[in-house]
Amino acid sequence: MLGNLEGFNRTHNCGELSIENEKVNVTIMGWVQKRRDHGGVIFIDVRDRSGFVQVVFNPDLNQKAFKKAEELRSEFVVAIKGSIRKRPQGNINEELPTGRIEIEGHELKILDKADTTPFLINDDVNPGEDLRLKYRYLDLRRPMMRDMMELRHNAVKATRDFLDKKDFWEIETPLLTKSTPEGARDYLVPSRINPGQFYALPQSPQLFKQLLMISGMERYFQIAKCFRDEDLRSNRQPEFTQIDIEMSFITREDIFELTENLLRRIFALNDIQVPKEVPVMTYQEAIKQYGLDKPDLRFDMRLKNISDVVKESEFNIFSGTVKKGGQVKGIKVNNGSDFSRSQIDELEDFVKLYGAKGLAWIKIEEGEINSPIAKFLSDKELDQIIERMEAQSGDLLLFVADKSKVVANSLGNLRVKLGNELDLIDEDDYKFTWIVDFPMFEYNVEEERYVAKHHPFTSPLPEDIDKLDNDLENLKANSYDIVLNGEELGGGSIRINNKKLQHKVFDAMNFTEDEIKNKFGFLMDAFEYGTPPHGGIALGLDRIIMILGNTDSIRNVIAFPKTQKATSPLTDAPSSVEEKQLEELHINLVNLD
RNA sequence: GGAGGAGUAGCGAAGUGGUUGAACGCGCCGGCCUGUCACGCCGGAGAUCGCGGGUUCAAAUCCCGUCUCCUCCGCCA
């Protein structure tokens with residue numbers, strides 16, 4: 001009968017068998033990857049988590065097993081007894097880890113049969129995302145996905161080992177917690193016992209880890225699930241995992257060192273070196289030179305400011321923008337003068353996505369200037385632009401004139417796009433950098449108030465504290481991000497550990513006394529009882545695995561991810577619920593249309 | 001909330017108004033085959049061209065709507 005293991009005890013994993021095991025009797029179990037039926041002899045590749053191995057059924061050796069092997073189809077689950085032998089001369093397959101040996105099949109048991117799968121279980125096929133997610137348990141059988149899961153496990157294991165050695169304690173914090181007003185939209189969970197009230201799933205364990213510092217836990221970490229009800233991207237899922245760390249009695253540099261060593265350990269899993277010295281760049285410098293706060297340092301093409309050169313220019317789009325307080329900046333595409341008009345139009349469409357109104361361009365062709373805006377620029381201005389841009393014959397210059405924020409964002413993203421498309425990036429290069437001194441606040445036009453750029457528990461830079469009273473715009477935070485190849489791996493800060501200062505920060509954000517009390521009263525209370533200086537960092541585990549695993553979708557590093565509409569084709573979540581469940585939760589559905 | 005791309009047998013994919021009864025590859029089913037490992041050879045089944053309207057003598061192909069997946073903007077302390 002099917003499924004019964006009677007008489008079979010697994011002795012080896014398929015992928016681990018080698019010439020060392022010659023003449024050994026083995027029992028393997030796994031899935032049929034492939035059957036090659038030659039009529040007189042049948043080859044079966046049997047796959048388990050460790051890899052696969054070839055089993056041969058020969059009627060001359062074992063008629064019964066051979067007959068049984070004729071029934072086999074792909075993805076049948078089997079148990080096989082046999083003996084390891086060297087492959088005959090000329091039949092060694094050097095391509096395969098187990099290619100020097102094979103199993104002479106003596107006894108075959110079919111543990112379960114399988115229907116033809118919706119897609120083939122190998123890395124050569126590329127089924128649509130919805131199919132992969134609907135049959136995720138089959139998708140995960142593919143070597144690529146199996147490898148991702150193993151990599152993820154190893155990274156988490158390395159993290160736990162490393163932090164344990166450094167005297168950190170892994171402490172769990174609640175998933176059912178309190179909704180906080182700042183930041184991302186919360187996932188809410190209705191309380192049955194408290195009609196009309198809701199828990200929120202944590203966007204991060206931020207407040208709890210600070211409370212743990214006040215508790216004297218001193219060094220905390222958690223592989224923490226976090227939830228944010230915002231729109232999805234190729235690197236953003238509504239539930240994701242952070243390596244969450246907090247320490248007491250430390251400086252920013254202590255956190256840098258710890259994080260670098262942790263990353264060193266994790267990236268070593270794929271032989272990627274974290275340099276001895278990870279450079280530190282200020283936010284202001286990053287925006288100035290690269291336009292983004294997560295610069296990709298694998299290629300140059302920095303932004304150059306030509307505002308001063310064109311501020312009196314005839315070309316109104318440039319001079320007018322500068323006079324209104326905006327900027328004109330440009331990037332240089334080496335040997336880009338052969339870009340066609342339609343290619344440049346495409347680049348213009350791209351920067352418009354980021355709010356730019358247009359993209360001005362100048363081609364330097366054999367000393368000749370080719371540009372629709374050249375006629376509005378004086379020779380002197382052109383010369384100065386070329387000098388500022390360090391342009392040579394054959395180059396293409398691209399300019400955006402706008403508010404500084406739009407200029408930085410549009411050119412910064414254009415730079416990344418060109419870097420990728422022009423193949424300026426060495427895929428084997430890994431450029432880490434710290435970004436520090438972020439602005440504490442950003443003005444939110446919709447809410448007509450300042451909001452925290454990192455979070456409101458971030459300490460301002462000590463030398464900037466006075467600006468809390470009069471210069472919020474330029475107040476810098478003691479916060480930091482770790483960036484790799486243009487991807488933000490994580491960020492953190494030194495926290496406020498003082499009630500008075502915390503209160504001032506809330507004030508700056510226009511919180512009322514009542515709001516502070518209702519939303520953060522418990523933190524303010526805790527600050528009364530002896531709070532150590534503390535700080536920490538949260539690293540995006542999923543993004544780290546993406547880069548380590550060299551994949552461009554976060555879904556490939558999560559066993560059961562959601563689609564872009566935050567649904568699961570596998571479980572069909574989310575779904576409607578029974579009327580009775582809603583009643584228990586005191587919830588009435590209303591139609592808002 | 002918005003922009004773009006995609007949806008054709010189980011999977012991948014060609015086909016942009018008719019003369020093809022919708023290619024091709026993989027898989028599947030049957031037969032043959034004793035050294036394959038992308039096995040080979042012969043034969044076969046399998047498609048309301050995402051769904052709903054419309055234009056036309058004629059629609060996979062053009063138009064409108066709608067659903068799903070992907071990428072991006074906004075959003076993501």
Side-chain angles (χ1 to χ4, degrees), chain A residues 33-46 52-61 66 73-75 87-96 98-99 102 115-135 138-139 180-186 202-204 206-207 226-238 240 346 349-356 409-410 413 417 438-442 444 446-447 450-458 477 479 488 491-493 505 509 519 538 540 552-553 555 562-565 567 569:
Chain A
Q33 175 68 35
K34 190 81 190 175
R35 181 184 63 140
R36 289 179 294 278
D37 184 347
H38 286 241
V41 60
I42 297 174
F43 300 96
I44 306 288
D45 290 337
V46 179
F52 67 90
V53 66
Q54 174 168 285
V55 182
V56 190
F57 292 100
N58 191 317
D60 303 338
L61 290 167
F66 176 81
R73 294 293 183 274
S74 291
E75 300 308 313
R87 292 199 187 182
Q89 279 292 329
N91 286 295
I92 286 168
N93 188 338
E94 300 285 0
E95 306 286 303
L96 306 176
T98 58
E102 63 192 8
D115 286 346
T116 304
T117 49
F119 49 84
L120 297 181
I121 309 301
N122 65 47
D123 288 341
D124 302 327
V125 296
N126 188 24
E129 195 74 25
D130 33 358
L131 248 208
R132 288 180 62 193
L133 293 186
K134 181 170 180 186
Y135 298 98
L138 298 179
D139 195 36
T180 51
E182 293 294 288
R185 192 176 294 114
D186 284 323
Q203 297 174 26
S204 82
Q206 183 59 36
L207 289 172
C226 305
F227 304 85
R228 295 179 189 175
D229 188 3
E230 298 293 346
D231 285 357
L232 289 75
R233 288 284 191 283
S234 62
N235 64 355
R236 266 163 42 188
Q237 282 273 309
F240 61 100
E346 197 192 302
D349 288 343
F350 180 79
V351 294
K352 283 180 175 172
L353 290 174
Y354 300 91
N409 203 229
S410 57
N413 283 106
K417 177 187 168 76
F438 282 80
M440 182 82 185
F441 299 111
E442 263 178 331
N444 185 308
E446 265 174 42
E447 298 184 41
Y450 282 92
V451 299
K453 188 165 173 72
H454 185 54
H455 58 55
F457 318 109
T458 300
S479 66
E488 178 195 332
S493 60
V505 168
M509 297 168 64
K519 301 297 181 188
D552 53 13
S553 168
R555 295 181 300 278
K562 303 285 191 291
T563 67
Q564 197 169 42
K565 281 191 70 186
T567 64

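Residue numbers begin at 1 in each chain, while the letters A, B, ... track the order of the sequences.
Pairing partner, rA9(B): none, since no Watson-Crick or wobble contact has both distances short of 3.5 Å. With both pairing distances under 3.5 Å, rC41(B) is matched to rG31(B) as a Watson-Crick or G-U wobble pair. The partner of rA58(B) is absent, by the rule that a Watson-Crick or G-U pair needs both atom distances under 3.5 Å. A 3.5 Å limit on both hydrogen-bonding distances identifies no Watson-Crick or G-U partner for rG46(B). Judged by Watson-Crick or G-U wobble contacts below 3.5 Å, the nucleotide rU71(B) has rA3(B) as its partner. With a 3.5 Å ceiling on both atom-pair distances, rA22(B) lacks any Watson-Crick or G-U wobble partner.
Following rounding to the nearest Å, D552(A) (CG) and rU71(B) (C1') show an atom-to-atom distance of 11 Å. Atom CG in D229(A) sits roughly 11 Å away from atom C1' in rC76(B) (whole-Å rounding). Between the CG atom of N126(A) and the C1' atom of rC70(B) there is a distance of 12 Å, given to the nearest Å. Regarding D123(A), its CG atom lies at a distance of 19 Å from the P atom of rC11(B), rounded to whole Å. One interatomic measurement links the two molecules: CD of Q33(A) to P of rC26(B), which rounds to 17 Å at whole-angstrom precision. Atom pair N122(A):CG and rC26(B):C1' shows a separation of 9 Å (rounding to whole Å applied). One interatomic measurement links the two molecules: CD of Q237(A) to C1' of rC76(B), which rounds to 13 Å at whole-angstrom precision. rU71(B) atom P lies 12 Å from atom CG of D130(A), rounded to whole Å.
rG7(B) and rG50(B) are spaced 8 Å apart, taking the P atom of each and rounding to whole Å. rC24(B) and rA45(B) have their P atoms separated by 13 Å, with the value rounded to a whole Å. Between rG74(B) and rG27(B), the two P atoms lie 45 Å apart (nearest whole Å). A gap of 11 Å separates the C1' atoms of rA9(B) and rA22(B), to the nearest Å. Using P as the reference atom, rC70(B) and rU36(B) are 43 Å apart when rounded to the nearest Å. A distance of about 15 Å separates the P atoms of rU48(B) and rU61(B), rounded to the whole Å. The C1' atoms of rG2(B) and rG12(B) are separated by 32 Å, rounded to the nearest whole Å. Comparing the C1' positions of rA59(B) and rC28(B) gives an interatomic distance of 31 Å, to the nearest angstrom.
Using a 4.0 Å heavy-atom cutoff across all strands shown, E129(A) reaches sugar-phosphate atoms only and no base atom. If you check every strand for non-hydrogen atoms under 4.0 Å, S493(A) touches nothing. Within the 4.0 angstrom heavy-atom criterion, only backbone atoms of the sugar-phosphate kind lie near R73(A); the bases stay farther away. Y354(A) comes within contact range of the sugar-phosphate backbone alone, with a heavy-atom separation under 4.0 Å but no base atom that close. Among the protein residues, T458(A) comes within range of no part of the nucleic acid, since none of its heavy atoms lies under 4.0 Å from any strand. Using a 4.0 Å heavy-atom distance criterion, R555(A) is classed as a sugar-phosphate-only contact.
Phosphate proximity of rG27(B) to T116(A): absent, as no side-chain N or O sits under 4.0 Å from OP1 or OP2. Within the 4.0 Å cut-off from OP1 or OP2 of rC11(B), not a single side-chain nitrogen or oxygen of T117(A) is found. For rC73(B), the OP1/OP2 oxygens have no side-chain nitrogen or oxygen of S410(A) closer than 4.0 Å.
For CD of E346(A), the number of neighbouring non-hydrogen atoms (other residues, nucleotides, ligands) closer than 6.0 Å is 12 at most.
Under the 4.5 Å side-chain criterion, counting only non-hydrogen atoms from C-beta, L232(A) is in contact with P238(A). Between V56(A) and F43(A) the shortest side-chain heavy-atom distance falls below 4.5 Å. A heavy-atom distance below 4.5 Å is not found between the side chains of L133(A) and D139(A). For the pair V505(A)/F457(A), no side-chain contact is recorded, criterion being any heavy-atom separation below 4.5 Å from C-beta on. Using a 4.5 Å cut-off on side-chain heavy atoms (C-beta onward), R236(A) and R228(A) make no contact. Looking at I92(A) and R87(A), their side chains come closer than 4.5 Å, going by heavy atoms from C-beta outward. Looking only at side-chain heavy atoms (C-beta outward), S493(A) and H455(A) come within less than 4.5 Å of each other.
We find that D45(A) and K34(A) are not joined by a salt bridge, their nearest charged nitrogen and carboxylate oxygen being 4.0 Å or further apart.
Side-chain atoms of R228(A) and base atoms of rC76(B) include no donor and acceptor less than 3.5 Å apart.
In terms of position along RNA chain B, the nucleotide closest to T567(A) lies nearer the 5' end than the nucleotide closest to the other residue of the pair L353(A) and T567(A). Nearer the 5' end of RNA chain B, as judged by each residue's closest nucleotide, is the contact made by R233(A), out of R233(A) and P456(A).
Every salt bridge (charged side-chain N to carboxylate O under 4.0 Å, His left out) that K453(A) has, sequence neighbours left out, goes to E442(A).
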With the sugar-phosphate defined as primed atoms, P, OP1 and OP2, and the base as all remaining atoms, what B/S/- string results for nucleotides 32-52 of chain B, 5' to 3', for protein heavy atoms under 4.0 Å?
-BBBBB-B-------------

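In this structure, of rC26(B), rC11(B), rC75(B), it is rC11(B) that holds the atom nearest to the side chain of F119(A). Taking only side-chain atoms of E230(A), from C-beta outward, the nucleotide of rU71(B), rC76(B), rC11(B) with the closest atom is rC76(B).
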